[in-house]
Undergrad: 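This is the structure, below, for whatever I ask next.
Numbering of residues begins at 1 and proceeds along the displayed sequence. Just so it is clear, the model here is predicted, and its values are computed rather than measured. The analysis underlying the following values was restricted to heavy atoms, covering all of them including side chains, and did not include hydrogens, waters or symmetry mates.
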Amino acid sequence: MAAESSANPADSEKPALVSQPSVANEHQAKAFAELKALCENNKLYWPASEIEGYPAEGHNDDKDLLRFLVARSYDPQAAYKQYSASAAWRRKVALVQTYDNVEIQRFARMNRVQPQWTGRRDKMGIPLMVYVLSEIRPEDLAQISKEDPGLSSIFLPAEYITNFTQRLCNRVRNDGITINKSVNIIDLSNVGLRKFWNLRSILQTASSMATAHYPETVERIFVVGAPSFFPTIWSLVTSRFDPATTRKIFVLSASEATEKLTEFIAPEDLPKRFGGTLDWTFPMRPVPDAETKEMIGSLADRWVEGPIRYLSKPEGDVLVAVGSQDGQLRRETLAHIPQGSSSRNGQPSEHVPTT
C-alpha cells in the first residue's frame with residue numbers, strides 16, 4: 001500500500017483535487033476580503049516585474065493572496081503576516097529583478113538541480129514535474145550554496161514554474177478548475193545514505209523557504225524508489241514541512257508505483273522510467289503534448305533556455321523570454337496567445353469575491 005497522509009485518490013478517471021485554494025463560503029469570502037483590505041490599508045504590494053506593466057510599487061494578485069490565505073487556514077491576520085514577510089523577502093533579495101535579468105547560463109545551472117517540467121500534465125491538467133535525486137551532484141548544490149548562502153537564487157526555477165509553467169497549463173486546459181499548482185514525482189532510486197546525508201541541509205533549507213514563500217503551489221508529491229533508510233532520513237528532511245505539505249506526500253513502493261501514478265497521470269504523459277510510454281528522461285527539456293503545442297506554436301520544437309514570463313494583455317497573452325546573455329538583456333517574444341484560444345474553456349473554481 002502507498003504510505004500517504006492525504007485522502008485516498010478517487011476511483012474516477014479524473015480524481016478530485018487534494019487541495020485547492022478557493023473561496024467557497026461566506027466565512028472564507030469574509031476572510032479574503034479582510035486580507036485584501038489589510039494589504040490595501042497598509043499599502044502592502046507584491047513586487048512586480050517592470051515588463052508586466054504594473055505600477056512600480058507592485059500589485060496584489062488574487063491567486064497569490066489565496067495561496068497564503070489557504071496556507072493559514074483562512075486566518076486573514078496570519079495570512080497577512082506571512083504574505084508581508086514574503087513580500088519583504090522578495091524585495092530584499094531582488095527576486096523579481098534577478099529573474100528578469102539573470103544570466104541565462106547561470107539560470108540553466110540552477111534549473112538543472114531542480115524538478116523539471118516534462119511538458120505534460122496530469123489528468124486534471126496540472127503540470128507534471130520530475131526530480132531524480134541520483135542525477136543531482138552534491139558538489140553542484142554546494143557551489144550554489146557557496147555563491148549564494150541565502151539560497152535566494154535557488155528559487156529562480158520556482159519563479160519559472162509559477163510565472164510560466166503553471167500559467168501556461170492553466171490556459172491550455174483548465175476543465176473548470178484553476179491550474180496554479182504542480183504535481184511532483186521525486187525519484188530516490190540508487191541514492192545512497194552518504195549522498196542523502198550530504199544533501200539534507202540544503203534540502204531542509206530549501207523546504208523551509210518554499211513553505212514560507214511558495215505556499216500551496218504543490219498539489220501532490222509522489223515519492224518512488226525510496227531506499228531502506230528512507231523513513232529515518234525523510235523524517236529529518238520533512239521536519240520543517242508544514243502539515244498541509246506532508247498530507248500531500250504519497251510514498252509508493254516499487255510494486256505499486258506505476259498503478260498508483262496512472263490513477264492520476266495518463267500513460268502517454270508518464271515517463272517510461274515510471275511505467276508510462278513518454279520518452280522523456282531527467283533533466284530533458286519539456287516534451288509538450290498536442291494541446292500545448294497548438295497553444296505555443298514553434299516554441300514546442302525550439303525550446304528556449306532561461307527564464308520566461310507569461311504576460312496577460314488585453315489583446316491576448318504573450319510569452320516573453322527574459323534574462324540576459326553576454327551582458328545584453330533578453331526580451332524576446334516567443335508566442336502570442338489570442339484571447340479565447342484555450343483548448344478547453346471552463347469556469348475557474350476559485351470564486352473570488354468582488355471587493
Undergrad: Check whether any side-chain heavy atom of E332 sits under 4.5 Å from a side-chain heavy atom of V320, and report yes or no.
TA: no

Undergrad: Looking at side-chain heavy atoms only, is the closest gap between L66 and D64 below 4.5 Å?
TA: no

Undergrad: Take S312 and R167 through the test side chain to side chain donor-acceptor pair (under 3.5 Å) and record every step on the way to the result.
TA: CA-CA 10 Å; S312 294; R167 296 189 66 183; 2.7 Å; yes

Undergrad: Does atom CD of E268 have more than 12 heavy-atom neighbours from other groups under 6.0 Å away?
TA: yes

Undergrad: Walk me through it: do S298 and D301 pass the test side chain to side chain donor-acceptor pair (under 3.5 Å)?
TA: CA-CA 5 Å; S298 61; D301 299 316; over 6 Å; no

Undergrad: So, do Y83 and W46 have ring centers that fall under 6.0 Å from each other?
TA: yes

Undergrad: Answer yes if Y99 and L334 sit in the same cluster of Ile, Leu, Val, Met, Phe, Trp and Tyr residues linked by side chain heavy atoms under 4.5 Å apart, and no otherwise.
TA: yes

Undergrad: With the side chain counted from C-beta on, respond yes when S324 and R330 share a heavy-atom pair under 4.5 Å apart, and no when they do not.
TA: no

Undergrad: Looking at every non-hydrogen atom in both residues, tell me the closest pair between G323 and R331 and how far apart they are.
TA: O-NH1, 3.6 Å

Undergrad: What class does the angle between the rings of F155 and Y214 fall in, given that below 30° is parallel, 30 to 60° is tilted and above 60° is perpendicular?
TA: parallel

Undergrad: Under a 4.0 Å N-O cut-off, is there an ion pair linking R72 with D75?
TA: no

Undergrad: Closer than 3.5 angstrom, by distance alone: can the side chain of Q82 be matched with the main-chain N or O of P215 as a donor-acceptor pair?
TA: no

Undergrad: Just wondering, do K36 and D62 contact through their side chains at under 4.5 Å, heavy atoms?
TA: yes

Undergrad: Could you walk me through whether Y80 and F68 pass ring-ring contact (aromatic ring centres under 6.0 Å, His included), step by step?
TA: CA-CA 8 Å; Y80 175 81; F68 285 82; over 10 Å; no

Undergrad: Do you know which two heavy atoms are closest between V93 and T98, and how far apart they sit?
TA: O-OG1, 3.8 Å

Undergrad: Please determine if K248 and E216 form a salt bridge, counting it only when a charged side-chain N lies under 4.0 Å from a carboxylate O.
TA: yes

Undergrad: Which atom names give the shortest non-hydrogen contact between P115 and Y131, and what distance separates them?
TA: N-CD1, 3.5 Å

Undergrad: Would a 4.5 Å heavy-atom cut-off, applied to side chains only, mark L270 and T118 as touching?
TA: no

Undergrad: Is there a continuous path of hydrophobic side-chain contacts, each under 4.5 Å between heavy atoms, that joins M284 to I186?
TA: yes

Undergrad: Do V251 and F222 have side chains that get closer than 4.5 Å, going by heavy atoms?
TA: no

Undergrad: When you look at Q166 and S182, which way does the side chain to side chain donor-acceptor pair (under 3.5 Å) test go after all the steps?
TA: CA-CA 7 Å; Q166 291 176 355; S182 304; 2.9 Å; yes

Undergrad: Between D100 and R309, is there a side-chain N and carboxylate O pair less than 4.0 Å apart?
TA: yes

Undergrad: Considering all heavy atoms of both residues, which atom of C169 and which atom of G125 are nearest to each other, and what is their separation?
TA: CB-O, 3.8 Å

Undergrad: Are I104 and I51 co-members of a hydrophobic cluster defined by side-chain heavy atoms under 4.5 Å apart?
TA: no

Undergrad: What do you reckon, are the aromatic ring centroids of W89 and H213 less than 6.0 Å apart?
TA: yes

Undergrad: Do you know the tightest heavy-atom contact between P127 and T165?
TA: CB-CG2, 3.8 Å

Undergrad: Does the side chain of V102 reach to within under 4.5 Å of the side chain of L156, using non-hydrogen atoms?
TA: yes

Undergrad: Please name the pair of heavy atoms, one in V96 and one in P47, separated by the smallest distance, quoted to 0.1 Å.
TA: CG2-O, 3.7 Å

Undergrad: Can you tell whether the side chains of D269 and R121 come within less than 4.0 Å, N to carboxylate O?
TA: no

Undergrad: Between Y160 and I308, is any pair of side-chain heavy atoms under 4.5 Å apart?
TA: yes

